[in-house]
Engineer: 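Let me give you the structure first, and then I'll get to my questions.
Labels below follow one simple rule: chain letters A, B, ... track the order of the sequence lines, proteins then strands, and each chain is numbered from 1. On a predicted model such as this, the values are computed, not experimentally measured, just so you know.
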Amino acid sequence: MKKFATWNVNSLAVRLPQLLDWLAAHPVDALVLQETKLTDDKFPTMEIGEAGYQVQWFGQKTYNGVALITRERAENVVKNIPGLPDEQARVIAGTVGGVRVIGGYFPNGQAPGSDKFAYKMNWLDGLRRWLADELRAHEQLVLMGDFNIAPEDQDVYDPVAWAGQIHCTTEERAHFQALLNLGLTDAFRLFEQAPKSWSWWDYRNLAFRKNQGLRIDHILVSEALKQRVTACEIDKQPRRNERPSDHAPVIVTLAD
DNA sequence: ATGCCCAATTTGATTGGA
């Protein structure tokens, strides 16, 4: 059995104790982090190493930043998207136990029509082009992270209020579908799930307590890997912590 | 109500997140 997971920690400096607790309770073969918000020199490699994990990391000051935490050494590590010049640290990939693991912090996009939205669209174009190559090179592949896209209305607590808003636009959803069209499957939807399953809840408005959220953190698996998936779940527990991230981890379980 | 909370830097104010 293998487990892969993704978690937007919204500042690893703040969330490191929670990360170490979580890893102790949930041993995984690979975990990708987003929004570490740390320059490379500040990354807590020692603490993660002492927890029994190897780690690859790629960050910047204040914003973004990703990491790939693994039991076994990750091979052929790639940072950001080849062929897409990008100032922002958003992607880290490596091969672990024969599986290509890609972690991404997709751009937020802020608002349709904004410069940041245009950047998001261009980034998604670049990601899709690279993913097509990666899928040709790696039969077993998982793409996971904070997609900042709610794929369907069932992934939104109030689809009417969110219609056309960021994370829910037709353009973003078309990009999500384009990733699926490459031969990827949303692992979460392989299984019956409770209605109103979210991976993110706004810090404001008591949103977690009222369960008002979005499902924007995803795990997409290639056809070969899909055959091995036995479970996929969102772990809401860390969202109940004191000083939680606004995102919850998503975990996929695979047969050997 | 271009607001609420949270994190980080530009710090007792602003920007970005989602």
Side-chain angles (χ1 to χ4, degrees), chain A residues 6-19 22 32-44 57-67 86-91 103-124 127 144-173 175-176 188 196-219 234 236 238-250:
Chain A
T6 176
W7 192 9
N8 180 326
V9 291
N10 184 20
S11 170
L12 186 54
V14 174
R15 236 64 72 185
L16 179 61
Q18 294 182 40
L19 170 68
W22 191 84
V32 289
L33 303 181
Q34 301 88 41
E35 287 206 87
T36 56
K37 299 186 179 180
L38 293 173
T39 51
D40 289 346
D41 57 307
K42 300 250 169 51
F43 196 88
W57 64 98
F58 174 43
Q60 65 186 92
K61 196 171 153 184
T62 313
Y63 302 117
N64 311 312
V66 286
D86 195 354
E87 300 291 306
Q88 306 184 20
R90 294 189 172 276
V91 172
Y105 175 47
F106 292 36
N108 175 295
Q110 202 161 59
S114 66
D115 289 352
K116 293 194 174 79
F117 191 81
Y119 166 77
K120 182 175 194 171
M121 293 297 111
N122 186 56
W123 190 93
L124 286 163
L127 176 72
M144 53 187 174
D146 176 0
F147 283 52
N148 273 316
I149 301 172
E152 299 179 289
D153 279 355
Q154 65 174 328
D155 302 309
V156 182
Y157 74 95
D158 186 347
V160 174
W162 280 79
Q165 301 298 308
I166 197 64
H167 312 311
C168 302
T169 65
T170 51
E171 294 97 321
E172 292 165 283
R173 287 176 171 180
H175 271 291
F176 188 87
F188 191 74
K196 304 183 192 305
S197 289
W198 324 124
S199 67
W200 170 87
W201 300 258
D202 202 310
Y203 283 123
R204 298 169 291 187
N205 302 324
L206 305 171
F208 183 69
R209 200 195 299 185
K210 294 189 282 193
N211 197 32
Q212 297 179 340
L214 306 174
R215 191 176 71 95
I216 54 177
D217 300 85
H218 305 297
I219 299 180
I234 296 167
K236 287 173 75 169
R239 192 62 177 78
R240 300 190 180 98
N241 289 343
E242 266 185 65
R243 282 190 93 184
S245 169
D246 43 355
H247 294 256
V250 187

Engineer: Do any side-chain nitrogens or oxygens of Arg204(A) fall under 4.0 Å of OP1 or OP2 in dG17(B)?
Structural biologist: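 Answer is no, no contact under 4.0 Å.
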Engineer: Starting at atom CZ of Phe117(A), determine the distance to atom C1' of dA18(B), rounded to an integer number of angstrom.
Structural biologist: 14 Å
Engineer: Would you find a donor on one side and an acceptor on the other, under 3.5 Å apart, between the side chain of Asp217(A) and the backbone of Asn8(A)?
Structural biologist: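 Side chain of Asp217(A) to backbone of Asn8(A): no pair is present.
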Engineer: Under 3.5 Å, is there a donor-acceptor pair between the side chain of Trp57(A) and the main chain of Asp40(A)?
Structural biologist: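 Yes, the answer is positive, given that a donor and an acceptor are paired below the 3.5 Å cut-off.
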Engineer: So if I apply the side chain to side chain donor-acceptor pair (under 3.5 Å) rule between Thr169(A) and each of Arg173(A), Glu172(A), Gln165(A), His167(A), which one comes out positive?
Structural biologist: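 Looking at Arg173(A), Glu172(A), Gln165(A), His167(A), the match for Thr169(A) under the side chain to side chain donor-acceptor pair (under 3.5 Å) is Glu172(A).
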Engineer: Once you apply a heavy-atom cut-off of 4.0 Å, does Phe106(A) come out as touching a base, just sugar-phosphate, or nothing?
Structural biologist: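 Since no nucleic acid heavy atom lies under 4.0 Å of Phe106(A), the category is nothing.
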Engineer: Could you state the atom-to-atom distance from NE2 of His247(A) to C1' of dC5(B) in whole Å?
Structural biologist: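 In whole Å, dC5(B) C1' and His247(A) NE2 are 13 Å from each other.
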Engineer: Got a donor-acceptor contact below 3.5 angstrom from the Asp155(A) side chain to the Glu152(A) backbone?
Structural biologist: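 Here the side-chain-to-backbone pair exists.
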Engineer: Tell me: CG of Asn64(A) to C1' of dT9(B), nearest whole Å?
Structural biologist: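 So the two atoms are 15 Å apart, to the nearest Å.
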Engineer: Using the P atom as the reference point in each nucleotide, state the distance between dT10(B) and dC6(B) in Å, no decimals.
Structural biologist: 23 Å
Engineer: Find the distance Asp115(A):CG to dG17(B):C1' and express it as a whole number of Å.
Structural biologist: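 Taking CG of Asp115(A) and C1' of dG17(B), I get 17 Å after rounding.
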Engineer: By nearest heavy atom, map Gln88(A) and Thr62(A) onto DNA chain B; which one lands nearer the 5' end?
Structural biologist: Thr62(A)
Engineer: Quick check on DNA chain B: between Arg15(A) and Tyr105(A), whose nearest nucleotide comes earlier from the 5' end?
Structural biologist: Arg15(A)
Engineer: Under the criterion side chain to side chain donor-acceptor pair (under 3.5 Å), which of Lys37(A), Gln34(A), His247(A) is the partner of Asn10(A)?
Structural biologist: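 Running side chain to side chain donor-acceptor pair (under 3.5 Å) over Lys37(A), Gln34(A), His247(A) with Asn10(A) returns exactly one hit, Lys37(A).
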Engineer: Under the rule for ring pair (Phe, Tyr, Trp, His ring centres under 6.0 Å), what residues qualify as partners of Phe147(A), not counting sequence neighbours?
Structural biologist: Phe106(A), Phe176(A), His218(A)
Engineer: Compare side-chain N and O positions of Ser11(A) against OP1 and OP2 of dA8(B) and report whether any pair is under 4.0 Å apart.
Structural biologist: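 For dA8(B), OP1 or OP2 has a side-chain N or O of Ser11(A) closer than 4.0 Å.
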Engineer: With a cut-off of less than 4.0 Å, is there a side-chain N or O of Arg243(A) near OP1 or OP2 of dC5(B)?
Structural biologist: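 Negative; the distance criterion is not met.
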Engineer: Please report, rounded to the nearest Å, how far the P atom of dC5(B) is from the CG atom of Asn241(A).
Structural biologist: 20 Å
Engineer: Rounded to whole Å, please give me the gap between CZ in Arg239(A) and P in dC5(B).
Structural biologist: 13 Å
Engineer: Give me the distance, rounded to whole Å, that separates dT2(B) from dA7(B) when you measure between the P atoms they each carry.
Structural biologist: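 Roughly 25 Å separates the two P atoms.
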Engineer: Between dG3(B) and dG17(B), how far apart are the P atoms? Round to whole Å, please.
Structural biologist: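 One P to the other, the span is 14 Å.
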Engineer: P atom, dA1(B) versus dA18(B): distance in rounded Å?
Structural biologist: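 Their P atoms lie roughly 25 Å apart.
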Engineer: Is the shortest side-chain N to carboxylate O distance from Asp202(A) to Lys210(A) below 4.0 Å?
Structural biologist: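 Looking at Asp202(A) and Lys210(A), the cut-off is not met.
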Engineer: Determine yes or no for a side-chain-to-main-chain donor-acceptor pair under 3.5 angstrom, with Lys196(A) supplying the side chain and Tyr157(A) the backbone.
Structural biologist: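 Pair absent, no side-chain N/O of Lys196(A) close to backbone of Tyr157(A).
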Engineer: Looking for any heavy atom pair under 4.0 Å, which part of the strands does Gln165(A) touch: base, sugar-phosphate only, or nothing?
Structural biologist: nothing
Engineer: Donor-acceptor pair, Tyr203(A) side chain versus Asp246(A) backbone, under 3.5 Å?
Structural biologist: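 Yes; at least one donor-acceptor contact below 3.5 Å.
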Engineer: Rounded at 0.5 Å granularity, tell me how far CG in Asn108(A) sits from OG in Ser114(A).
Structural biologist: 8.5 Å
Engineer: Is there any protein nitrogen or oxygen under 3.5 Å from a nitrogen or oxygen in nucleotides 12-16 of chain B, and what are the pairs?
Structural biologist:
none

Engineer: Would you mind telling me which of dC5(B), dT9(B), dA18(B) lies closest to the side-chain atoms of Tyr203(A)?
Structural biologist: dC5(B)
Engineer: Between residues 144-159 of chain A and DNA chain B, which residues have a heavy-atom gap below 4.0 Å?
Structural biologist: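 Contacting residues: Asp146(A), Asn148(A).
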Engineer: Provide, to the nearest angstrom, the distance between the CD atom belonging to Gln34(A) and the P atom belonging to dG17(B).
Structural biologist: 15 Å
Engineer: Arg215(A) side chain to Ser199(A) main-chain N or O, any donor-acceptor pair under 3.5 Å?
Structural biologist: no
Engineer: Checking all strands, does Ile216(A) fall into the base, sugar-phosphate, or nothing category for heavy-atom contacts under 4.0 angstrom?
Structural biologist: sugar-phosphate
Engineer: Calculate the interatomic distance between Gln60(A) atom CD and dT9(B) atom C1'; express it in whole Å.
Structural biologist: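 About 14 Å, once rounded to whole Å.
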Engineer: Ignoring the backbone of Asn8(A), work out which of dA7(B), dT9(B), dA18(B) is nearest its side chain.
Structural biologist: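 Between dA7(B), dT9(B), dA18(B), the one nearest the side chain of Asn8(A) would be dA18(B).
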